Amino acid sequence: MIISDYHIHSNFSGDSVENLDKICKRAIKLGIKEIAITDHMDLDIKENYNSTNFILNLDEYIPEILKIKDIYKKDVDIKIGMEFGIQKQLGNIGDEIIEKNPFDFIIASVHSIDRLLLDKKEFWCNKSRDDAHNKYFLEMLKSIKNFNQFSVVGHFDFITRYGGFNKNKIIDYIKYGDIIDEILKTLISKGKGIEINTSGIRYNENRFYPCDDIVKRYFELGGEIITLGSDAHKSSDIGKDFKKAYDFLENIGVKYISSFDKLDVSFKKIK
Ligand SMILES: [Zn+2]
Ligand SMILES: [Zn+2]
């Protein structure tokens, strides 16, 4: 049974065409009791000059989610979420936006560095894969230090998906262990979590984001907050590969996943 899917994009995200109604119907069909709609908000990126695809129009978004939340309230609990693109120069802009709106759940994700999206060649030129990976984790660390109103870090090590066009599908955990530990300790001290993002399996990386070692280390260091997200951009991907993720969590002795309401966390037993 799928308890919840906390990472779903609707057509409010520039890279998804799925409507909210279809998303809800799919979740209900799968018997999922809780979903978070987490559309993209990426501020201060170069792409925003050409389009507004990555800027979430909250004046339209929030009322739409509230409406659909009410329509389907008997069958599925819909959380008002957002995937906020963190960058070190944004300071506490994210906090200001989130505090003004009735959010339940926020994913903080590094999608761009120095205003360049990680899936664009411009970011990768003149950088070795190691430089890029280093920069990515440093950006994450600096950004989460200045940001408070988020719930979990999204797809922790998904930088391998782009990988510098010379793919190495797994982060060299030994090489980046120190900075990864520092990020995890910062998250734990701020009462924040991580997500298991199952999209890595769909993107042919054959693993979740983050890799198993990072999830294990988060719990070893005392972390308790974890959500599962499909990162679906179409409704057929909702809840995909969650059984594998639950099995993994059970194998490493994790019994609870997190649920969020108005940014407050509570816990649900996996079985
Ligand atoms: Zn993302
Ligand atoms: Zn996403």
Side-chain angles (χ1 to χ4, degrees), residues 6-7 36 38 41-44 81-99 103-115 118 130-161 170-197 200 208-229 231 249 252-254 256-260 262-267:
Y6 264 73
H7 194 149
T38 54
M41 172 79 96
D42 286 275
L43 302 173
D44 199 25
M82 174 167 74
E83 182 175 14
F84 187 79
I86 49 176
Q87 285 190 87
K88 57 183 175 311
Q89 77 274 19
L90 291 178
N92 63 352
I93 292 174
D95 288 336
E96 285 170 19
I97 295 168
I98 292 156
E99 277 159 13
F103 283 111
D104 292 306
F105 175 70
I106 303 290
I107 302 171
S109 298
V110 178
H111 291 136
S112 40
I113 299 173
D114 298 333
R115 310 174 60 248
L118 302 179
D130 280 348
D131 290 342
H133 288 182
N134 236 327
K135 236 176 149 30
Y136 173 80
F137 287 120
L138 260 175
E139 188 77 11
M140 188 183 287
L141 180 62
K142 285 181 185 165
S143 306
I144 58 165
K145 281 187 174 167
N146 289 323
F147 190 24
N148 295 309
Q149 302 292 349
F150 68 99
S151 316
V152 299
V153 159
H155 44 64
F156 197 105
D157 60 357
F158 91 136
I159 184 90
T160 55
R161 191 158 114 200
I170 198 132
I171 279 290
D172 186 340
Y173 183 71
I174 305 291
K175 191 181 276 172
Y176 299 103
D178 287 347
I179 187 150
I180 289 170
D181 271 14
E182 211 181 327
I183 295 169
L184 295 176
K185 284 177 190 165
T186 306
L187 289 174
I188 293 164
S189 71
K190 291 175 84 120
K192 309 298 181 190
I194 56 173
E195 69 162 359
I196 290 189
N197 184 308
F208 306 125
Y209 306 124
C211 62
D212 296 0
D213 284 345
I214 295 176
V215 179
K216 284 184 204 159
R217 186 69 179 143
Y218 173 74
F219 284 100
E220 206 174 276
L221 289 168
E224 293 177 322
I225 297 168
I226 195 152
T227 55
L228 256 63
D231 211 343
L249 287 173
I252 63 166
V254 175
Y256 299 91
I257 57 162
S258 295
S259 185
F260 285 85
K262 306 217 166 18
L263 305 178
D264 286 337
V265 67
S266 58
F267 296 92

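In this text, all values refer to a predicted model and were calculated from it rather than measured experimentally. In what follows, every heavy atom counts, from backbone to side chain, and hydrogens, waters and symmetry copies are set aside.
- For the 3.5 Å distance criterion, the side chains of Glu83 and Ser109 qualify, holding a donor opposite an acceptor.
- Asp231 is not listed as a side-chain neighbour of Tyr209, based on a closest heavy-atom distance of 4.5 Å or more.
- Side-chain atoms of Asn146 and Lys88 include no donor-acceptor pair closer than 3.5 Å.
- Residues Ile225 and Tyr218 are in side-chain contact: their nearest non-hydrogen atoms beyond the backbone lie under 4.5 Å apart.
- In this structure, Lys262 fails the cation-pi test against Phe103, since its NZ or CZ atom is not both closer than 6.0 Å to the six-membered ring centre and inside 45 degrees of the ring normal.
- For Lys145 and Glu182, the salt-bridge test passes: some basic side-chain N is under 4.0 Å from an acidic carboxylate O.
- Side chains of Val110 and Phe158 form no contact here, defined as non-hydrogen atoms less than 4.5 Å apart.
- The shortest distance between side-chain heavy atoms of Phe137 and Tyr176 falls below 4.5 Å.
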request  = Check the pair Ile180, Ile214 against side-chain contact (heavy atoms from CB on, under 4.5 Å), reporting the backbone distance first and the verdict last.
outcome  = CA-CA 8 Å; Ile180 289 170; Ile214 295 176; 3.9 Å; yes
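- The pair Asp130-Lys135 fails the salt-bridge criterion, with no side-chain N (NZ, NE, NH1 or NH2) lying under 4.0 Å from an Asp/Glu carboxylate O.
- Here the closest non-hydrogen pair linking Leu184 and Arg217 is CD1-CG, 3.7 Å.
- Using a 4.5 Å heavy-atom threshold, the side chains of Tyr6 and Phe105 count as touching.
- Side-chain atoms of Lys192 come within 3.5 Å of backbone N or O of Asn148 as a donor-acceptor pair.
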request  = May I have the step-by-step check of side-chain contact (heavy atoms from CB on, under 4.5 Å) for Thr227 and Ser151, ending in yes or no?
outcome  = CA-CA 9 Å; Thr227 55; Ser151 316; over 6 Å; no
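- Formation of a donor-acceptor pair under 3.5 Å by the Asp95 side chain with backbone atoms of Gln149 is found in this model.
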CA sep, side-chain torsions, deciding dist, call: Arg115, Asp42, salt bridge (Lys or Arg N to Asp or Glu O under 4.0 Å) = CA-CA 10 Å; Arg115 310 174 60 248; Asp42 286 275; over 6 Å; no
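- Annotation: side chain of Leu228 is in contact with side chain of Leu249 (closest heavy-atom distance under 4.5 Å).
- Looking only at side-chain heavy atoms (C-beta outward), Ile183 and Leu187 come within less than 4.5 Å of each other.
- Residues Gln87 and Ile113 fail the side-chain proximity criterion, which asks for heavy atoms closer than 4.5 Å.
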